[in-house]
Amino acid sequence: MRAVNASTGTGPGSGPVRPALGPLLPAADIADVAEAFHRAAPSARRWDVESSIAWEVADAGRLTDGQASAVQFITLIEDHLPGYIGVYERAFPLDEDVDLETFIHNRELYHFTIRWGFEEDTHARALFRYQVASGLADPASLRRELAVEGRKPFELPHDHAVSLLAYALVQEKATQIYYQQLRAVVGDPVLADVLGYLARDEARHFAFLADVVERYLRLYGDAVVEPIREVVAQFRMPLADTIRGYWRWALRIADTARYDHTDAYGHLIRIVNHAVDARTDRVDELVRFVDACRSTTAGAPS
């Protein structure tokens with residue numbers, strides 16, 4: 001099915017109202033994956049900003065300049081959550097302008113999106129708290145710094161539902177990998193704890209998205225190959241076009257701990273290989289293309 005068109009609207013930090021194009025997965029499939037996502041985080045394993053971290057011993061003096069810069073960078077990325085949420089609200093709307101079947105699909109997806117948003121906001125709060133508790137920043141100045149970037153709009157150049165989900169898949173896996181690698185080198189054990197919690201959450205987010213994209217490939221095959229291919233062809237990490245000095249900063253954090261978003265492409269290839277039993281020329285071309293885009297040396301976020 002295809003989401004209905006909606007009129008164009010604007011608002012603070014928002015782009016055009018643009019419901020995602022189909023095909024969409026059956027709502028029952030989205031429900032199954034969302035339920036598995038929630039089961040993967042039982043209450044005994046959850047963490048929170050207020051009680052899970054020993055903030056009183058956080059010490060930015062134990063970080064190198066590059067590590068401190070990486071913390072500042074990822075705080076900006078995580079804190080832009082309202083912009084990211086806005087993309088999904090516009091792509092998968094829950095109002096009377098969509099037909100009933102699309103609404104049912106979008107409502108099931110929302111069970112994931114709202115929990116994902118909560119966890120990502122927790123990441124932003126934890127990184128803010130670390131900067132303040134460790135002496136890296138004072139709260140008033142940091143709030144203003146985050147607001148300067150947070151007011152900027154965020155959009156993705158993708159129209160299809162599977163494109164948006166495949167983009168998130170690559171981004172979540174790339175972020176998880178970076179947090180794990182930064183955690184391995186940081187000098188402050190408190191920051192290492194924070195990054196461990198963040199990486200664990202990102203791994204769960206990736207698992208949800210991997211299951212969804214795999215189901216798209218199984219159900220629709222060649223029909224979703226091109227939307228997935230365009231994600232790889234056009235991929236840029238969030239805020240690459242809005243943060244001033246992004247590329248210099250990105251190179252610096254890549255020097256601090258290896259970061260290359262194409263590290264996530266191998267995971268995408270495995271998803272394609274697992275999903276598609278009867279390979280077609282288009283699927284084979286997608287695998288070759290994704291593999292060709294993988295870097296052989298460390299690179300900057302892009």
With a 4.0 Å cut-off, would you call [X] and [Y] a salt bridge?
| X | Y | result |
| --- | --- | --- |
| Arg282 | Asp222 | no |
| Arg215 | Asp211 | yes |
| Arg204 | Glu119 | yes |
| Glu285 | Arg229 | yes |

Do His80 and Glu149 pair up side chain to side chain, a donor and an acceptor below 3.5 Å, judged on atom types alone?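 Per modelled atom types, His80 and Glu149 side chains form no pair under 3.5 Å.
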With distance as the sole criterion, is a donor-acceptor pair present between the side chains of Ser141 and Glu145 under 3.5 Å?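 Their side chains do not contain a donor-acceptor pair, so the 3.5 Å distance test is not met.
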Angle class for the [X]/[Y] ring planes (parallel below 30°, perpendicular above 60°, tilted otherwise)?
| X | Y | value |
| --- | --- | --- |
| His267 | Phe206 | perpendicular |
| Trp47 | Tyr197 | parallel |
| Phe92 | Tyr88 | parallel |

Flag if over 12 foreign heavy atoms under 6.0 Å of [atom1], [X]:
| X | atom1 | value |
| --- | --- | --- |
| His38 | NE2 | yes |
| Tyr110 | OH | no |
| Asp65 | CG | no |
| Glu96 | CD | no |
| Asp138 | CG | yes |

To the nearest 0.5 angstrom, please state how far the [atom1] atom of [X] sits from the [atom2] atom of [Y].
| X | Y | atom1 | atom2 | value |
| --- | --- | --- | --- | --- |
| Leu136 | Leu127 | CG | CG | 10.5 Å |
| Leu182 | Thr175 | CG | OG1 | 12.0 Å |
| Ile77 | Leu239 | CD1 | CG | 4.0 Å |
| His158 | Leu164 | NE2 | CG | 7.0 Å |
| Thr113 | Asn106 | OG1 | CG | 9.0 Å |
| His205 | Phe37 | NE2 | CZ | 4.5 Å |

Look only at the side chain of [X] and the backbone of [Y], and say whether a donor-acceptor pair between them is shorter than 3.5 Å.
| X | Y | result |
| --- | --- | --- |
| Arg90 | Gly86 | yes |
| Asp188 | Arg62 | no |
| Ser163 | Asp159 | no |
| Arg46 | Ala41 | yes |
| Gln67 | Gly187 | yes |
| Thr242 | Lys152 | no |
| Tyr84 | Glu78 | no |

Before you tell me yes or no, could you show the steps for Gln72 and Leu76 under side-chain contact (heavy atoms from CB on, under 4.5 Å), namely the whole-Å CA-CA distance, both residues' side-chain angles and the distance that decides it to 0.1 Å? CA-CA 7 Å; Gln72 295 165 332; Leu76 285 172; over 6 Å; no
Tell me, do [X] and [Y] make a side-chain contact under 4.5 Å, heavy atoms counted?
| X | Y | result |
| --- | --- | --- |
| Glu120 | Glu172 | yes |
| Glu108 | Glu35 | no |
| Tyr179 | Ile74 | yes |
| Asp29 | Val33 | no |
| Val224 | Pro23 | yes |
| Arg45 | Arg200 | yes |
| Asp59 | Ser134 | no |
| Trp55 | Val132 | no |

Do [X] and [Y] land in one hydrophobic cluster if side-chain heavy atoms of ILVMFWY residues count as linked below 4.5 Å?
| X | Y | result |
| --- | --- | --- |
| Ile30 | Ile104 | no |
| Ile228 | Val287 | yes |
| Ile114 | Val98 | yes |

Would you sort out whether Arg125 and Glu50 count as a side-chain contact (heavy atoms from CB on, under 4.5 Å), showing the intermediate values? CA-CA 10 Å; Arg125 292 177 57 232; Glu50 286 67 38; 2.3 Å; yes
What pair of heavy atoms forms the shortest contact from [X] to [Y], and how long is it?
| X | Y | result |
| --- | --- | --- |
| Ala203 | Gln176 | CA-OE1, 3.4 Å |
| Leu24 | Tyr220 | O-OH, 2.5 Å |
| Gly83 | Phe154 | O-CD2, 3.8 Å |
| Leu219 | Pro26 | CD2-CD, 3.5 Å |

Just to verify, what does Arg129 make a salt bridge (charged side-chain N to carboxylate O under 4.0 Å, His left out) with, not counting sequence neighbours?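 Salt bridge (charged side-chain N to carboxylate O under 4.0 Å, His left out) list for Arg129, sorted by chain: empty.
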List the steps and the verdict of side-chain contact (heavy atoms from CB on, under 4.5 Å) for Leu195 and Val186. CA-CA 10 Å; Leu195 292 169; Val186 293; 4.1 Å; yes
Does anything in residues 125-149 form a ring-ring contact (aromatic ring centres under 6.0 Å, His included)? List the pairs, not counting sequence neighbours.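 Those involving residues 125-149 do not exist here.
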